[in-house]
Peer 1: 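Below you'll find the structure I mean.
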Amino acid sequence: RKEVEQDPGPFNVPEGATVAFNCTYSNSASQSFFWYRQDCRKEPKLLMSVYSSGNEDGRFTAQLNRASQYISLLIRDSKLSDSATYLCVVNRDNFNKFYFGSGTKLNVKP
Amino acid sequence: GAVVSQHPSWVICKSGTSVKIECRSLDFQATTMFWYRQFPKQSLMLMATSNEGSKATYEQGVEKDKFLINHASLTLSTLTVTSAHPEDSSFYICSACDRSVTGELFFGEGSRLTVL
């Protein structure tokens with residue numbers, strides 16, 4: 001079983017839609033969780049860290065469910081510029097190990 | 001925020017030559033850096049973990065003699081692709097963890113290698 005699993009998509013949504021991604025992780029000892037955004041042929045950039053209490057940054061909301069071992073990312077009012085691949089990243093072993101999901105491709109269409 | 005710089009951003013070389021890629025943490029010390037490669041439309045694949053002052057830890061299936069990693073200082077790690085062949089053409093990305101900032105991982109800009 002993979003350490004981190006994501007639905008690869010693609011998710012094709014119209015502008016203004018709300019879209020949600022889930023990511024599951026297999027090791028309960030995982031400590032920190034992140035969502036990264038990667039544009040085509042570019043390096044990943046941090047979108048949000050995910051905290052136990054959940055956190056929101058504008059149109060983006062991240063949630064962590066330790067009991068079920070998944071994290072989610074909700075994007076409201078999608079923009080064309082949100083089109084990208086969203087990577088779920090999980091850390092454990094005191095920041096010595098990072099595990100990546102395969103990424104979820106989002107296409108926001110006019 | 002923390003920044004990781006990678007150089008060169010792209011390189012074209014002839015088959016059989018060696019190519020060195022540098023990864024620097026610009027405003028924090030990184031005892032650990034990570035090297036990945038990424039093929040088109042695929043996720044990042046961890047190649048190795050670079051440890052300052054000690055040997056790198058390679059992932060299964062990655063040839064350590066092919067991909068030489070040196071982490072000589074707290075701000076610099078290098079990846080050398082030795083005797084490069086066309087199948088080594090890929091996007092190579094480094095990252096470093098700033099443990100002072102809740103362990104966030106910062107990525108270099110990536111290096112696109114094309115071996116002719």
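Chain identifiers are assigned alphabetically (A, B, ...) following the order of the sequence lines, protein sequences preceding nucleic acid strands; residue numbering begins at 1 within each chain.
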Peer 1: What are the two closest heavy atoms between Phe100(A) and Tyr36(B), and how far apart are they?
Peer 2: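 Heavy-atom minimum between the residues: CE1-CE2, 3.3 Å.
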
Peer 1: Can you tell me which portion of Gln38(A) sits under 4.5 Å from chain B's heavy atoms? Options are side chain, backbone, both or neither.
Peer 2: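 For Gln38(A), the side chain is the part near chain B, not the backbone.
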
Peer 1: Are the side chains of Cys97(B) and Asn91(A) in touch, meaning some heavy atoms are under 4.5 Å apart?
Peer 2: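 They are not in contact (no side-chain heavy atoms under 4.5 Å apart), so the answer is no.
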
Peer 1: Around atom NE2 of His85(B), are there more than 12 heavy atoms of other residues, nucleotides or ligands at under 6.0 Å?
Peer 2: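 Buried by this count: over 12 neighbours within 6.0 Å.
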
Peer 1: Is Leu64(A) linked to Trp35(A) within one hydrophobic cluster, defined over Ile, Leu, Val, Met, Phe, Trp and Tyr using a side-chain heavy-atom separation of less than 4.5 Å?
Peer 2: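 They do share one cluster, since a chain of ILVMFWY contacts under 4.5 Å joins Leu64(A) to Trp35(A).
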
Peer 1: Of the backbone (N, CA, C, O) and the side chain (C-beta and beyond), which part of Tyr99(A) lies under 4.5 Å from a heavy atom of chain B, both, or neither?
Peer 2: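 Contact with chain B: none, neither part.
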
Peer 1: For Gln6(B), is it the side chain, the backbone, both or neither that has a heavy atom under 4.5 Å from a heavy atom of chain A?
Peer 2: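 For Gln6(B), no heavy atom lies under 4.5 Å from chain A.
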
Peer 1: Do Val62(B) and Tyr92(B) share a hydrophobic cluster (ILVMFWY, side-chain heavy atoms under 4.5 Å, transitive)?
Peer 2: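 Looking at the clustering, Tyr92(B) is in the same group as Val62(B).
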
Peer 1: Give a yes or no on whether Met47(B) and Leu113(B) share a hydrophobic cluster (residues Ile, Leu, Val, Met, Phe, Trp, Tyr; joining criterion: side-chain heavy atoms under 4.5 Å apart).
Peer 2: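 Yes; Leu113(B) is reachable from Met47(B) via cluster members.
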
Peer 1: Quick one: do Val89(A) and Val4(A) end up in the same hydrophobic cluster if we chain Ile, Leu, Val, Met, Phe, Trp and Tyr together by side-chain heavy atoms under 4.5 Å apart?
Peer 2: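 Shared cluster, no.
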
Peer 1: Taking the side chain as C-beta and beyond, is there a heavy-atom pair between Phe98(A) and Thr49(B) under 4.5 Å?
Peer 2: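 They are not in contact (no side-chain heavy atoms under 4.5 Å apart), so the answer is no.
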
Peer 1: Indicate if Ile75(A) and Leu80(A) have the same hydrophobic cluster label, given that clusters are the connected sets of ILVMFWY residues with side-chain heavy-atom separations under 4.5 angstrom.
Peer 2: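 Yes; Leu80(A) is reachable from Ile75(A) via cluster members.
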
Peer 1: Distance check, rounded to the nearest 0.5 Å: Phe91(B) atom CZ versus Glu43(A) atom CD?
Peer 2: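 Going from CZ on Phe91(B) over to CD on Glu43(A), the span is 6.5 Å.
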
Peer 1: Quick check for you: to the nearest 0.5 Å, what is the distance between Leu44(B) atom CG and Leu87(A) atom CG?
Peer 2: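 Between atom CG of Leu44(B) and atom CG of Leu87(A) there are 6.0 Å.
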
